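Both backbone and side-chain heavy atoms feed into the values below; hydrogens, waters and symmetry mates do not. Whatever order the structure lists them in is the order used to number ligands and atoms, beginning at 1. For clarity, every value in this text was computed on a predicted model and none was experimentally measured.
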Amino acid sequence: MRISILTIFPDFVRVVKEYGVVSQAVENGILEIEIFNLRDFAKDKHKTVDDYPYGGGPGMVMKPAPFFEFFKFYNETYGKPYVVLTSPQGDVLNNSIARELASKDHLLIICGRYEGIDERVMKFVDREISIGDYVLTGGELPAMVIVDVVSRFVPGVVDEESVKNDSFYNDLLDHPHYTRPRVIEDMRVPEVLISGNHEEVELWRRKESLKKTMLKRPDLFMKHQFDEIDKRALLSLFRELMADAK
Ligand code: 4HQ
């Protein structure tokens, strides 16, 4: 998969491809991440990318011309990408949107700055995506968030099993994790995880996921589709609670 980012701060977004599993995927050729400086597509002497808003008011607006130049170049070189604009008006990013974006061959993320972008640039945009209801100073951090979440759904970037185990994969929060040592400052790793009984481990993890989701994210719990393991886990949880209440 190829992901391109169009920004006026290329050095700011570059780090997204330089760390962890994303950088490994880039090295292995599973992912191609390319960063373009919008300023390179400004034709005037001063490489201007912003201008005063028609109608007046505070702040600046990103000029349309550099975008039109960029898309002329990009579409001719690589073909038409699926274009995402980071914007508070967009659909709020979640796993299912990320999975959808990961199915594209070619993703281009436009990072907005200033008060916004000249509306005529919208003719290139397929989808507006927000990363949450707050206002940032620019679209660079959202673009990096999108690259990160989308990458995890590109086959081979992370271990498939670990994607399945993640929080939200099946609308439940993740279970707690432990590693060595068995005891630290009198705090022990739950016995069942050391038992070697795989089925018991699975049941315990599901119980913990269900418990955490019910307590912290009842909205997710209400949407959850229960399978056989869920039912067994809830039954066992209920029995424990009833026994404790006696
Ligand atoms: N922006 N999720 C870019 C955001 C934002 C968000 C504000 C986008 C500034 C220029 N983008 N403009 N939240 O706050 O995606």
> Between Ser130 (side chain only) and Asp91 (backbone N and O only), is there a donor and an acceptor less than 3.5 Å apart?
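Looks like no, no N/O pair under 3.5 Å.
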> Is the charged tip of Arg113 near the ring of Phe9: under 6.0 Å from the six-membered ring centre and within 45° of its axis?
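No; the conditions do not both hold, so Arg113 does not lie above the ring face of Phe9.
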> Applying a heavy-atom distance cut-off of 4.0 Å, which protein residues contact ligand 1?
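Lining ligand 1: Thr86, Ser87, Pro88, Gly112, Arg113, Tyr114, Ile129, Ser130, Ile131, Gly132, Tyr134, Val135, Leu136, Gly138, Gly139, Pro142.
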> Can you check whether Asp227's main-chain N or O pairs, donor with acceptor, with Asp230's side chain at less than 3.5 Å?
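Yes; at least one donor-acceptor contact below 3.5 Å.
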> Counting N and O atoms only, with roles assigned by atom type, does the side chain of Asn94 sit under 3.5 Å from a partner on the main chain of Ser96, one being a donor and the other an acceptor?
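Answer holds: yes.
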> What residue pairs, at least two apart or across chains, pass salt bridge (charged side-chain N to carboxylate O under 4.0 Å, His left out) with a residue in residues 47-60?
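Passing the test, one end in residues 47-60: Asp51-Lys63.
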> Assess whether ring pair (Phe, Tyr, Trp, His ring centres under 6.0 Å) is satisfied between Phe41 and Phe73, documenting all intermediate values.
CA-CA 9 Å; Phe41 298 88; Phe73 150 80; 5.4 Å; yes
